[in-house]
A.B. asks: 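Next up is a structure, given as C-alpha cells.
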Amino acid sequence: MTEVSTKTLSLQEIRKLAKSVLVASGMDDSSSELIAEIVTKSERDGPHSHGLRMLPVYVQSFSSGYANPTASPKVERIAPGVLRGDGDNGYYQIAASLALDELVAMARENGIAAFTCANCHHLAGLRFDTEPLAEAGLVALGVVNSLSMVVPQGGVRPVFGTNPMSFACPREGAEPVVWDQASSMVALMDIRMAAAEGHDLPRPAGLDTDGQPSTDPNAILETRSLLPFGEHKGAAIAFLVEILGAALAGGTLSVDNVDREAHGALNIKGGSTLIAIDPARFGNAAFNDYVQRVCAEIEGNGAARIPGDGRLKQRAKSEAEGVRVSTELLSQLDELL
Ligand code: NDP
C-alpha cells in the first residue's frame with residue numbers, strides 16, 4: 001500500500017472546512033451547516049469514505065445541475081402515522097431536519113410513524129438518521145435505495161442499489177445500539193477508496209469483466225456489478241429496501257435511476273423511509289430488560305461485540321485526538337473555496 005501524507009484536524013476544523021466548501025458551492029448558511037455536520041460525523045465515526053472525501057462529489061452534483069443547492073423541501077402529514085417529504089432535488093438531510101420533531105411526536109402518539117422522502121439525494125451513513133430517534137427513546141429503521149449496481153443471486157446484471165439500512169434501539173444506561181450496513185458486500189465508496197489507495201479488497205465484493213467474483217476494486221468499478229452480502233439473503237434485503245424506500249416514498253427505483261449518468265454525478269437520488277416506533281406504546285413494560293438481556297448475551301461471548309461499538313470507540317478517539325486527513329485531499333478541497 002502507498003504511504004499517504006496526512007494532517008490531523010480537529011472536528012471543529014473539519015466542520016468549518018466542510019461548511020466553507022458547501023457555501024462556496026452555492027448552499028445557504030443553514031443547509032450547509034446541516035451537511036457539514038454529516039461530513040464531520042462521518043469523519044468522526046468512520047469509515048472516512050463518506051466524509052470530507054465526498055465534498056468534491058457534492059460540489060460536482062450542484063455544478064452539473066444534478067442536485068439543487070438551494071432546495072426548499074416540503075414535508076406534509078398525509079395520514080396519522082405518515083409524513084411524506086419532497087426534497088426539491090436537494091439533500092435528504094435538509095428535508096429530514098424539517099420532519100424529525102413531528103416524526104417523534106407522531107410515533108409517541110400512534111406507537112409507530114414513518115417519514116418517506118422522494119426527489120432527494122441521501123448522503124452518507126443511515127445511522128445519522130436512526131441514532132437521534134433512539135436517543136429520544138424510540139426504535140428506528142431507516143432505508144434508502146440508490147442506483148442499480150448489485151446483482152441478484154445468480155443474475156448477470158445489476159438490479160438493486162447498494163441499498164443501505166440502519167436499525168437503532170435505546171439501551172438503558174448506555175449509548176443506543178445502532179447498526180448501519182449496505183446490502184452490497186462492500187459499500188461503493190469503500191471500493192472507490194480502495195482503488196484510490198491502491199489496494200485490493202479483503203474479500204470478493206463484485207464481478208470482474210469475465211463475470212467472476214473479484215477483490216480488485218478497479219475491475220469491480222469497471223463492471224459496476226457488486227455482490228450482495230450473504231448471497232441470496234442480502235439480495236432479499238436489497239429487494240426490501242427497493243420497496244420500503246423507492247416504492248413507498250415514490251422515489252426512483254434503482255434500475256430506473258439513470259439520470260445521474262447524464263450528469264456524471266456520483267451521489268445518488270433514491271427514495272428513503274425512516275420508521276420510528278415508540279416501545280412504550282407496545283404494551284411490554286419490560287422492553288428495556290429485553291434489550292439489556294440480548295446485549296448481555298453478546299458481550300463477553302468470545303470475540304463477539306454489539307454492532308456499533310466500533311463506531312463509538314472511533315468516535316471517542318476522534319473527539320480526543322482529531323482526525324487524520326490526507327494532505328492531497330486537503331489541497332483538492334482548498335481549490336473548491
Ligand atoms: P460495515 O460492513 O462496515 O458495517 C456494518 C455494520 O456492522 C455496522 O453497524 C458495524 O458497526 C457493524 N459491525 C462491523 N463489524 C462488526 C462485528 N465484528 N461485530 C458486530 N458488528 C459489526 O458497513 P457497510 O460497508 O455495509 O456500510 C457502509 C456505510 O455506507 C453505511 O453507513 C451505509 O449507511 C452507507 N451507505 C450509504 C448510502 C447512501 O446512499 N447514503 C449508500 C450505501 C451505503 P461498527 O460501527 O461497530 O463497526
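Throughout, residue positions are numbered sequentially from 1 according to the sequence presented. Worth knowing before you read on, the calculation uses all heavy atoms, side chains too, and leaves out hydrogens, waters and symmetry mates. Atoms within each ligand, like the ligands themselves, are counted from 1 in listed order.
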A.B. asks: With sequence neighbours left out, which residue pairs that include part of residues 30-60 fulfil the ring pair (Phe, Tyr, Trp, His ring centres under 6.0 Å) condition?
C.D. replies: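 Listed by first then second residue: Y58-Y91.
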A.B. asks: What atoms of ligand 1 come within less than 4.0 Å of a heavy atom belonging to D309?
C.D. replies: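 That gives atoms 47 (O) of ligand 1.
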A.B. asks: Examine the side chains of K269 and N89 and answer whether a donor and an acceptor come within less than 3.5 Å of each other.
C.D. replies: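 Side chains of K269 and N89: pair found under 3.5 Å.
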A.B. asks: Any nitrogen or oxygen of G310, main chain or side chain, under 3.5 Å from a nitrogen or oxygen of ligand 1?
C.D. replies: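 Among all N and O atoms of G310, at least one is under 3.5 Å from an N or O of ligand 1.
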A.B. asks: Return the closest protein heavy atom for atom 27 (O) of ligand 1 as residue, atom name and distance.
C.D. replies: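 In this structure, atom 27 (O) of ligand 1 has A182 N, 3.5 Å as its nearest protein heavy atom.
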A.B. asks: If we ignore angles and hydrogens, is there a donor and acceptor under 3.5 Å between the side chains of E242 and S254?
C.D. replies: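 Note: E242 and S254 side chains meet the donor-acceptor criterion.
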A.B. asks: Which of the numbered atoms in ligand 1 are below 4.0 angstrom from a heavy atom of R311?
C.D. replies: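 Those of ligand 1 that fall under 4.0 Å from R311 are 45 (P), 46 (O), 47 (O).
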A.B. asks: How about atom 7 (O) of ligand 1: does it have a protein heavy atom within less than 4.0 Å?
C.D. replies: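 Given the 4.0 Å cut-off, atom 7 (O) of ligand 1 does not count as touching protein heavy atoms.
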A.B. asks: I'd like to know if the side chain of T162 and the backbone of A182 have a donor-acceptor N/O pair within less than 3.5 Å.
C.D. replies: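 Judged by distance alone, no pair lies under 3.5 Å.
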A.B. asks: Nearest to atom 38 (C) of ligand 1, what protein heavy atom do you find, and at what distance?
C.D. replies: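 Result: P164 CG, 3.5 Å.
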A.B. asks: To the nearest 0.5 Å, tell me how far R53 CZ sits from L333 CG.
C.D. replies: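 Separation between the atoms: 10.0 Å.
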A.B. asks: Please check: side-chain N/O of N257 versus main-chain N/O of S148, any donor-acceptor pairing under 3.5 Å?
C.D. replies: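 Flag not set: sc N257 to bb S148 has no pair under 3.5 Å.
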A.B. asks: Establish whether atom 32 (O) of ligand 1 and some protein heavy atom are separated by less than 4.0 angstrom.
C.D. replies: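 Given the 4.0 Å cut-off, atom 32 (O) of ligand 1 counts as touching protein heavy atoms.
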A.B. asks: So if I count the atoms of ligand 1 from 1 in the order they appear, which ones are less than 4.0 Å from some heavy atom of D190?
C.D. replies: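 Result: 25 (O).
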A.B. asks: If we set the cut-off at 4.0 Å for heavy atoms, which region of T162 has an atom near ligand 1: side chain, backbone, both, or neither?
C.D. replies: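 Side chain only.
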A.B. asks: Would D180 and R311 pass as an ion pair if we require N to O under 4.0 Å?
C.D. replies: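 Salt bridge absent between D180 and R311.
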A.B. asks: Give the atoms of ligand 1, by number and element, whose distance to some non-hydrogen atom of Q181 is under 4.0 Å.
C.D. replies: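 Answer, ordered by atom number: 5 (C), 26 (O), 27 (O).
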A.B. asks: Ignoring hydrogens and angles, tell me if any N or O in the side chain of D278 forms a donor-acceptor pair with the backbone of A280 under 3.5 Å.
C.D. replies: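 Between the backbone of A280 and the side chain of D278 there is a qualifying donor-acceptor contact (under 3.5 Å).
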A.B. asks: Could you list which atoms of ligand 1 come closer than 4.0 Å to a heavy atom of L126?
C.D. replies: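 Under 4.0 Å from L126, ligand 1 has these atoms: 34 (O).
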A.B. asks: List ligand 1 atoms under 4.0 Å from R127, heavy atoms only on the residue side.
C.D. replies: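 By the 4.0 Å cutoff, the relevant atoms are 32 (O).
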A.B. asks: Who's the nearest protein heavy-atom neighbour of atom 45 (P) of ligand 1, and how far?
C.D. replies: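 Closest protein heavy atom to atom 45 (P) of ligand 1: G308 N, 3.5 Å.
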A.B. asks: Is there a heavy atom in S166 that sits closer than 4.0 Å to ligand 1?
C.D. replies: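 The answer is no, since S166 has no heavy atom less than 4.0 Å from ligand 1.
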A.B. asks: Name the closest protein heavy atom to atom 14 (C) of ligand 1, giving the residue it belongs to and the distance to 0.1 Å.
C.D. replies: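 Here the nearest protein heavy atom works out to R305 NH2, 3.6 Å.
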A.B. asks: Which heavy atom of the protein is the closest neighbour of atom 34 (O) of ligand 1, given with residue, atom name and distance?
C.D. replies: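 Closest protein heavy atom to atom 34 (O) of ligand 1: D180 OD1, 2.7 Å.
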A.B. asks: Decide whether S49 and D190 meet the rule of one side-chain donor and one side-chain acceptor closer than 3.5 Å.
C.D. replies: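 Checked: S49/D190 side chains pair up, N/O donor to acceptor below 3.5 Å.
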A.B. asks: Counting each atom of ligand 1 from 1 as listed, which ones have a heavy atom of W179 under 4.0 Å away?
C.D. replies: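 Close to W179: 9 (O).
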A.B. asks: To which protein heavy atom is atom 40 (O) of ligand 1 closest, and what is the distance rounded to 0.1 Å?
C.D. replies: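 Scanning the protein heavy atoms, the shortest distance from atom 40 (O) of ligand 1 goes to H122 O, 3.8 Å.
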A.B. asks: Distance below 4.0 Å between atom 2 (O) of ligand 1 and any protein heavy atom?
C.D. replies: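 Protein heavy atoms within 4.0 Å of atom 2 (O) of ligand 1 - there are none.
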A.B. asks: Is there a donor-acceptor pair closer than 3.5 Å between any side-chain N or O of N163 and the backbone N or O of G161?
C.D. replies: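 The answer is yes, because a donor-acceptor pair under 3.5 Å joins these two groups.
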A.B. asks: Does only the side chain of Q314 get under 4.0 Å from ligand 1, or the backbone, or both, or neither? Count heavy atoms.
C.D. replies: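 The answer is neither; Q314 stays 4.0 Å or more away.
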A.B. asks: Inspect the contact between E175 and R127 and indicate whether a charged nitrogen and a carboxylate oxygen are less than 4.0 angstrom apart.
C.D. replies: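 A salt bridge is absent here (no side-chain N lies under 4.0 Å from a carboxylate O).
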A.B. asks: Between ligand 1 and H50, can you find any atom pair, the residue atom being a heavy atom, that is separated by under 4.0 Å?
C.D. replies: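 True for this residue.
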A.B. asks: Return the minimal non-hydrogen interatomic distance between I38 and L123, and the atom names on each side.
C.D. replies: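 Heavy-atom minimum between the residues: CG2-O, 4.3 Å.
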A.B. asks: Would you indicate which of A124, S272, A205 comes nearest to atom 37 (C) of ligand 1 when only heavy atoms are counted?
C.D. replies: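 It is A124 whose heavy atom sits nearest to atom 37 (C) of ligand 1.
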A.B. asks: Return yes when atom CZ of F287 has more than 12 non-hydrogen atoms of other residues, nucleotides or ligands closer than 6.0 Å, and no otherwise.
C.D. replies: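 Count over threshold, so yes.
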A.B. asks: Among all the protein's non-hydrogen atoms, which is closest to atom 21 (N) of ligand 1, and how far away is it?
C.D. replies: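 I find the closest protein heavy atom is P307 CA, 3.4 Å.
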A.B. asks: Check if L123 has a non-hydrogen atom at a distance under 4.0 Å from any atom of ligand 1.
C.D. replies: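 Contact present.
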A.B. asks: For atom 28 (C) of ligand 1, what is the nearest protein heavy atom, given as residue, atom name and distance?
C.D. replies: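 Heavy-atom neighbour on the protein nearest atom 28 (C) of ligand 1: A187 CB, 3.7 Å.
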A.B. asks: Would you check if there is a donor-acceptor pair between the side chains of T70 and N68 at a distance under 3.5 Å?
C.D. replies: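 N68 vs T70: donor-acceptor pair found between side chains.
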A.B. asks: Donor-acceptor check, side chain of Q292 to backbone of E172, threshold 3.5 angstrom: yes or no?
C.D. replies: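 Present.
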